[in-house]
Undergrad: 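Shown below is the structure under consideration.
The residues of the chain are indexed from 1 along the displayed sequence. Keep in mind that the numbers below use all heavy atoms, side chains included, and drop hydrogens, waters and symmetry copies.
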Amino acid sequence: MPLFHCMLFGLGVLLLAAALIIGITLSNTTPSSNAEEMSFFAKNNAAMAKMMVGMKIKPSGDVDRDFVAMMVPHHQGAIDMAKAELSYGHNEKLRAIAQEIIVTQQEDIATMRLALVDIPTSSSQFTSQDEGPFFAKNNVAMAKMMVGMKIKPSGDVDRDFVAMMVPHHQGAIDMAKAELMYGHDEPLRGLAQEIIATQQQEIVAMQLDERG
């Protein structure tokens with residue numbers, strides 16, 4: 001797909017994200033009598049705003065580089081959300097998962113950045129043509145994630161954490177699937193598979209621990 005069309009997909013991601021982040025902020029700042037919960041939401045809103053700014057990229061001509069450029073700030077968003085849970089959450093099992101998220105995703109970020117060193121700076125025409133569908137998949141993933149994260153305060157920080165982190169994790173899973181469909185760098189494709197497996201397991205664990 002021509003670079004112009006790729007840039008339109010990127011612009012679509014940006015405009016959609018901007019509209020949805022406003023929706024999340026408005027929904028997640030519904031008045032609550034719980035000051036701790038409101039502080040939790042304030043940190044999460046800041047994390048999402050920072051994440052979307054970081055994901056505002058121009059197509060590089062290489063799907064693998066685009067994947068890293070978007071997944072790194074997405075991972076950082078999860079890390080910041082997990083830190084908010086550690087600051088305000090009380091469920092020890094969920095706090096342990098938050099610690100795991102921080103460690104695992106910091107390691108993923110380091111791995112992705114290291115993988116970039118071995119990717120050729122000049123991409124093939126084949127790789128460039130994959131960018132359009134790749135950005136389209138990510139556009140859908142981010143739209144779905146943002147809608148899922150538009151929650152009202154439940155009165156319980158731990159429940160709020162799960163309600164927001166589950167769609168955020170699903171967003172990462174969908175982004176990783178797009179890399180598997182269109183990416184070519186084997187180390188990054190391997191990492192994408194790990195992201196899918198790890199975050200699917202964490203979704204199940206969070207949902208179980210929330211009920212327990």
Undergrad: Taking Arg65 for its side chain and Ile119 for its backbone only, find out whether a donor-acceptor pair lies under 3.5 Å.
TA: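 Yes, the answer is positive, given that a donor and an acceptor are paired below the 3.5 Å cut-off.
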Undergrad: Looking at Val157, is its backbone amide N or carbonyl O close enough to the side chain of Glu36 to form a donor-acceptor pair, meaning the two atoms are under 3.5 Å apart?
TA: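 A pair under 3.5 Å: no.
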Undergrad: Taking all atoms of both residues into account, what is the closest heavy-atom pair of Met149 and Pro167, and its distance?
TA: CG-CG, 3.7 Å
Undergrad: Work out which heavy atom in Phe134 is nearest to a heavy atom in Tyr182; give both atom names and the distance.
TA: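 Minimum heavy-atom contact is CA-CD1, 3.8 Å.
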Undergrad: Should Lys137 and Met175 count as side-chain neighbours, where that means a heavy-atom distance under 4.5 Å?
TA: no
Undergrad: So, Asn139 side chain and Phe135 main chain: donor-acceptor pair closer than 3.5 Å or not?
TA: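 Judged by distance alone, no pair lies under 3.5 Å.
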Undergrad: Over all heavy atoms of both residues, which pair between Leu180 and Arg189 is shortest? Give the atoms and the distance, please.
TA: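 Taking Leu180 first and Arg189 second, the nearest heavy atoms are O-NH1, 2.5 Å.
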Undergrad: Quick check: does any side chain N or O of Asp64 sit under 3.5 Å from a backbone N or O of Gly183, one acting as donor and the other as acceptor?
TA: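 Flag not set: sc Asp64 to bb Gly183 has no pair under 3.5 Å.
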Undergrad: Sorted by first residue and then second, give each side chain to side chain donor-acceptor pair (under 3.5 Å) pair with at least one member in residues 79-89; sequence neighbours left out.
TA: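 Checked against side chain to side chain donor-acceptor pair (under 3.5 Å) - neighbours excluded - the pairs reaching residues 79-89 are Gln76-Asp80.
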Undergrad: Please step through side chain to side chain contact (heavy atoms under 4.5 Å, CB included) for the pair Phe41 and Asn34, ending with a clear verdict.
TA: CA-CA 11 Å; Phe41 272 111; Asn34 187 337; over 6 Å; no
Undergrad: Any chance you could measure Ile97, atom CD1, to Gln201, atom CD, to the nearest 0.5 Å?
TA: 11.0 Å
Undergrad: Out of curiosity, Leu188 CG to Leu114 CG, how far, rounded to the nearest 0.5 Å?
TA: 10.0 Å
Undergrad: Report the distance from atom CE of Met164 to atom CD1 of Ile151, rounding to the nearest 0.5 Å.
TA: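 That separation rounds to 5.5 Å.
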Undergrad: Between atom NE2 of His75 and atom CG of Asp108, what is the distance when rounded to the nearest 0.5 Å?
TA: 3.5 Å
Undergrad: Any side-chain heavy atom of Leu191 within less than 4.5 Å of one from Glu179?
TA: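 They are not in contact (no side-chain heavy atoms under 4.5 Å apart), so the answer is no.
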Undergrad: So, for Phe67 and Ala192, which heavy atoms are closest and what is the spacing to 0.1 Å?
TA: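 The pair with the smallest heavy-atom distance is CZ-CB, 4.3 Å.
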Undergrad: Which distance, rounded to the nearest 0.5 Å, do you find between the CG of Leu86 and the NZ of Lys43?
TA: 11.0 Å
Undergrad: Nearest heavy-atom pair of Asp185 and Pro187: which atoms, and what distance?
TA: OD2-CD, 3.2 Å
Undergrad: Set out, in order, the CA-CA distance, both residues' side-chain angles and the distance that settles side chain to side chain contact (heavy atoms under 4.5 Å, CB included) for Met165 and Ile101, then state yes or no.
TA: CA-CA 10 Å; Met165 188 62 87; Ile101 288 170; 4.0 Å; yes
Undergrad: Please evaluate residues Gln199 and Gln105 with respect to the criterion side chain to side chain contact (heavy atoms under 4.5 Å, CB included), reporting the C-alpha separation (whole Å), side-chain torsions for both, the decisive distance (0.1 Å), and the verdict.
TA: CA-CA 10 Å; Gln199 300 207 21; Gln105 300 208 20; 3.4 Å; yes
Undergrad: Could you pull out the closest heavy-atom pair between Met145 and His74, with the gap in Å?
TA: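 Here Met145 and His74 meet closest at SD-NE2, 3.3 Å.
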Undergrad: Hey, are Asp156 and His90 close enough side-chain-wise for a donor-acceptor pair under 3.5 Å?
TA: no
Undergrad: For the CD atom of Glu202 and the CD1 atom of Ile195, what is their distance to the nearest 0.5 Å?
TA: 11.0 Å
Undergrad: Suppose we screen for side-chain contact (heavy atoms from CB on, under 4.5 Å). Which residues come up paired with Glu107, at least two apart in sequence or across chains?
TA: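 Once residues adjacent in sequence are excluded, the partners of Glu107 under the side-chain contact (heavy atoms from CB on, under 4.5 Å) criterion are Val103.
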Undergrad: Is there a side-chain contact between Pro133 and Met181 in this structure, where contact means two heavy atoms from C-beta onward sitting under 4.5 Å apart?
TA: no
Undergrad: So, using side-chain contact (heavy atoms from CB on, under 4.5 Å) as the criterion, who are the partners of Gln106 when residues are at least two apart?
TA: Ile79, Ile102
